[in-house]
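Below is one structure, written out as structure tokens; comments come after it.
Here is how names work: the chains are called A, B, and so on, in the same order as the sequence lines, proteins then strands, and each is numbered from 1. Computation of the quantities below employed the complete heavy-atom set of this structure, encompassing side-chain atoms and omitting hydrogens, waters and symmetry-equivalent molecules.
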Protein chains: 2
Amino acid sequence: MQSKTPKISEAVVRRLPIYLRYLQHLFDMNIRTVSSHELGQKLDMNPAQIRKDLAYFGEFGRKGIGYEVIYLIEKIKQILKLDRTIRVALVGAGHLGIAISNYNQYLKENLTITAIFDTDPKKVGTSIGAMNIYHLDELSAIVAKQEIEMGIITVPAFAAQEVVNKLVAAGVRTILNFAPVTLKVPANVHLRNADLTTELQSLAYYL
Amino acid sequence: MQSKTPKISEAVVRRLPIYLRYLQHLFDMNIRTVSSHELGQKLDMNPAQIRKDLAYFGEFGRKGIGYEVIYLIEKIKQILKLDRTIRVALVGAGHLGIAISNYNQYLKENLTITAIFDTDPKKVGTSIGAMNIYHLDELSAIVAKQEIEMGIITVPAFAAQEVVNKLVAAGVRTILNFAPVTLKVPANVHLRNADLTTELQSLAYYL
DNA sequence: TAGATTGTTAATCGATTAACAATC
DNA sequence: TAGATTGTTAATCGATTAACAATC
């Protein structure tokens, strides 16, 4: 699949989970086939954009018919690497970290938080659901042992750069940061910011 | 300020809080002046982009000198309407909702959650910090009474469309949605999605 | 067959970056 | 003054949308 991909923009990649989500909804409703036009209406997107996005990865539809729902779900899962288990470390067992950890237990799609890290002695050694809370000093060892590939940062802003450094040193190359600070990472690390504060502040503009 | 703005893209607006955050950091460190070049280095952005973004709203810098930190902070706050109190309603007192509500108590910048809504009789009537939890049926009345202008949705996906309908009916025009579903809103409502699931799923692509 | 819809090329639109005169 | 840096125009780059031949 990835073999014949030219350069896929992040905008395209970020739309794929939205397609996937709606396709799964269609599947649950026993709808077997869908056109880019129908998808576009439901998802508020241009049908040409949907076709173009999918066409980057292969020919998944049938002219005159549309896309077979179950087949397209399979394909998008493959593209997003959601066809295998991906283990995730979460660093920072505060309110937000705990909320995400709990949320994780309901998540499907093979993305699973397997270890939580903190530095608070009162939290280290306890657990949230099936997830143990380890000391941050154990990060590197646990990441290696559990074959963790992704990291989520939910520590306060002042601690975030140190945490991301440790994740990178431990070999984690894909990181979602909730701390309200701009972090520096090497070019081969994929860092995404998902900071609530900046989100709300930018929304205020539209009041 | 807004008077002479042509059309400001969302990309520009979303960068303003990032500038603001770093400027406040500079202020805390007693740095009085900064150039677009320095900002660009620290924030991993192109200096021309920073100058252009700011120039949409006025002439805030001085040629040969740069930008006065304290003045630019004031200006960005004005642009983002963070120079007055903005009251926010949060709907859905689950793990994520509670985490955000707690987080809110540490938030500055005049953005403040003043009411929480849920339908669970066990939660309604209790409170989180200074925020009371009301029944969803009271939404419209409380929004009017407290002059709430913004909404945050942290209910499960199946309930989100109904909640956003009620927020819109109550007059809320700016909404941040954490539920993993595409919502329909009238054109005059500004809805932003901040869904953790799609964020993580799209990141998996880069593994 | 006729109608529908894809995959893809071309056209358009918009956002980012470079360049530089103005000027502190 | 000389060096630095803005504000802004022009150039470039990239993403979205329209159009349509291919074909189910």
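Side-chain atoms of Thr33(A) and Glu68(A) include no donor-acceptor pair closer than 3.5 Å.
As the counterpart of dC20(D), dG7(C) is assigned, both hydrogen-bonding distances of the Watson-Crick or G-U wobble pattern falling under 3.5 Å.
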Stepwise side chain to side chain donor-acceptor pair (under 3.5 Å) test for Asn165(B) and Gln161(B): CA-CA 6 Å; Asn165(B) 293 348; Gln161(B) 184 62 58; 2.8 Å; yes
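Summarising the geometry of Ala93(A) relative to Ile98(A), their closest heavy-atom pair is O-CD1, 3.4 Å, with the distance given to 0.1 Å.
Between Arg62(A) and Ser35(B), the residue anchored nearer the 5' end of DNA chain D, judged by the nucleotide with its closest heavy atom, is Ser35(B). Between Val34(B) and Val12(A), it is Val34(B) whose nearest contact on DNA chain D lies nearer the 5' terminus.
Atom CD of Gln41(B) and atom P of dT5(D) are 11 Å apart (whole Å). A straight line from CD of Glu10(B) to P of dA15(C) spans 10 Å, rounded to a whole angstrom. Between Glu59(B) atom CD and dT5(D) atom P there is a gap of 18 Å when expressed in whole angstrom units. With rounding to whole Å, Glu38(B) atom CD is found 13 Å from dA4(D) atom P. Atom-to-atom, CD1 of Ile50(A) to C1' of dT5(C) comes out at 13 Å; the value is rounded to the nearest Å. Taking atom CG of residue Asn46(A) and atom C1' of nucleotide dG14(C), one finds them 15 Å apart after rounding to whole Å. The interatomic distance linking Gln49(A) (CD) with dA15(D) (C1') rounds to 8 Å, in whole Å. Between Lys63(A) atom NZ and dT5(C) atom P there is a gap of 14 Å when expressed in whole angstrom units.
For Ile65(A), counting side-chain heavy atoms from C-beta on, the closest listed nucleotide (dC24(D), dT17(C), dG7(D)) is dC24(D).
Heavy atoms of Arg51(B) sit under 4.0 angstrom from at least one base atom.
Lys81(A) forms a cation-pi arrangement with Tyr205(B), by the criterion of a distance under 6.0 Å to the ring centre and an angle within 45° of the ring axis.
Remark: Tyr67(A) is not in phosphate contact with dA4(C), judged by side-chain N or O atoms under 4.0 Å from OP1 or OP2. Note on Ser36(B): every side-chain N or O is 4.0 Å or more away from OP1 and OP2 of dT5(D).
Taking the six-membered ring for Trp and the full ring otherwise, Tyr134(A) and Phe117(A) have centroids separated by under 6.0 Å.
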